[in-house]
Amino acid sequence: MVRAEGVHKSFGAAHVLKGIDLEVAPGEVFCLVGPSGSGKSTFLRCINHLEKISAGRLWVDGRLVGYRQKGDKIYELKEREVAAQRRDIGMVFQRFNLFPHMTALENVLEAPMQVKGETKAVAGERARRLLDRVGLGDRGDHYPARLSGGQQQRVAIARALAMEPQLMLFDEPTSALDPELVGEVLDVMRGLAEEGMTMIVVTHEMGFAREAGDSLVFMDDGAVVESGHPREVLSHPRHERTKSFLSKVL
């Protein structure tokens with residue numbers, strides 16, 4: 001579903017990604033862990049071209065992200081073409097980014113209506129079904145200010161799912177939540193994993209990675225340091241940098 005070959009990203013003199021190579025299979029829950037500033041979130045944003053890579057190649061479902069190859073040359077896609085690619089990639093951010101002037105239901109049905117041209121009846125039916133799925137079927141008429149952080153993040157997940165994506169990206173989805181609200185968001189994510197959704201999750205929740213993850217990559221200083229099955233990496237890390245990091249978070 002996702003393939004990265006030699007992906008680099010620089011912001012001016014700052015070399016943030018230093019040749020990332022990895023593959024994510026369809027239906028896989030792929031966890032990215034590592035210290036702050038290691039490049040995890042930047043890499044996630046490159047997958048849907050919110051950040052343009054400086055070198056290398058990224059494919060999602062066999063298609064180059066953000067570019068078209070013709071012969072030996074690479075051409076950047078127009079913004080509307082990039083936007084069309086993003087329709088198949090859902091993203092959930094650290095901060096919920098809900099529209100504050102819209103109810104939970106309106107937040108979920110907005111994109112299918114505006115982007116896919118669905119009628120309010122069709123989009124609304126799916127939105128209500130998705131709110132039920134994340135345990136908020138009785139909160140559809142609530143504005144974000146009346147919802148807890150965990151509830152807002154679950155609405156954000158429902159909103160991403162409303163576009164019926166092939167791939168879901170989660171950028172530390174529980175980091176802005178009070179500890180007692182983390183579980184309700186992770187429960188929704190576990191449900192998605194059980195249903196076979198392809199997911200790339202940047203997380204500090206090692207318990208989730210161990211239980212729900214199929215693969216885990218430890219990143220540091222813009223590079224992949226260690227990778228493998230989550231339980232193996234978390235229980236028996238091989239690299240000294242991985243051991244040092246895990247000793248502080250487990």
Side-chain angles (χ1 to χ4, degrees), residues 1-94 97 111-118 159-172 196-203 214-228:
M1 182 62 75
V2 178
R3 181 158 60 101
E5 288 186 359
V7 171
H8 289 255
K9 174 63 182 177
S10 295
F11 296 98
H15 196 178
V16 179
L17 298 177
K18 302 174 181 177
I20 303 296
D21 297 298
L22 56 80
E23 291 188 357
V24 181
E28 187 172 14
V29 179
F30 192 96
C31 298
L32 287 171
V33 305
S36 297
S38 59
K40 308 181 302 297
S41 294
T42 297
F43 177 69
L44 206 69
R45 292 169 65 85
C46 288
I47 293 173
N48 63 3
H49 208 59
L50 287 175
E51 298 289 355
K52 299 177 184 179
I53 64 176
S54 304
R57 299 282 190 276
L58 259 173
W59 291 266
V60 172
D61 197 25
R63 294 177 296 171
L64 270 176
V65 174
Y67 299 90
R68 178 187 297 107
Q69 185 162 354
K70 196 170 184 180
D72 294 331
K73 293 187 176 181
I74 295 290
Y75 301 90
E76 188 170 0
L77 297 179
K78 296 176 181 177
E79 183 54 39
R80 60 180 175 79
E81 295 174 301
V82 174
Q85 284 189 334
R86 289 195 189 114
R87 294 179 190 178
D88 296 326
I89 305 172
M91 188 160 186
V92 178
F93 300 87
Q94 295 179 39
N97 292 346
M113 289 175 59
Q114 296 297 332
V115 179
K116 298 172 77 173
E118 292 184 356
R159 179 177 62 180
L161 292 173
M163 291 294 288
E164 300 181 308
Q166 296 175 298
L167 169 68
M168 285 284 285
L169 309 176
F170 292 88
D171 187 6
E172 298 189 33
M197 173 64 73
T198 309
M199 299 160 59
I200 302 179
V201 185
V202 173
T203 185
D214 298 301
S215 297
L216 182 142
V217 158
F218 172 70
M219 287 180 62
D220 187 41
D221 194 27
V224 172
V225 175
E226 189 165 344
S227 62

If I compare all heavy atoms of [X] with all of [Y], which pair ends up nearest, and what's the gap?
| X | Y | value |
| --- | --- | --- |
| S54 | K9 | OG-CA, 3.5 Å |
| A4 | L58 | CB-CD2, 3.7 Å |
| I89 | I47 | CD1-O, 3.9 Å |
| D171 | Q94 | O-CG, 3.0 Å |
| T198 | G27 | OG1-N, 2.7 Å |
| P165 | G90 | CB-N, 3.5 Å |

Does the distance from a Lys or Arg side-chain N to an Asp or Glu carboxylate O, for K52 and E76, drop under 4.0 Å?
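Salt bridge between K52 and E76, a charged N being under 4.0 Å from a carboxylate O: yes.
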Salt bridge check, K116 against E164: does any charged N sit closer than 4.0 Å to a carboxylate O?
yes
Between S215 and E28, does any side-chain donor sit less than 3.5 Å from a side-chain acceptor?
yes
Indicate whether any N or O donor in one side chain lies under 3.5 Å from an N or O acceptor in the other, for S38 and D220.
no
Have a look at V217 and tell me which of L32, V225, I20, V24 forms a side chain to side chain contact (heavy atoms under 4.5 Å, CB included) with it.
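Of L32, V225, I20, V24, side chain to side chain contact (heavy atoms under 4.5 Å, CB included) with V217 is met by L32 alone.
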For H49, does its backbone N or O pair with a side-chain atom of R86 as donor and acceptor, under 3.5 Å?
yes
Does the plane of the ring in H15 sit parallel, tilted or perpendicular to the ring in H8? Use 30° and 60° as the thresholds.
parallel
Please lay out, stage by stage, how R63 and D88 fare under the test salt bridge (charged side-chain N to carboxylate O under 4.0 Å, His left out).
CA-CA 12 Å; R63 294 177 296 171; D88 296 326; 3.2 Å; yes
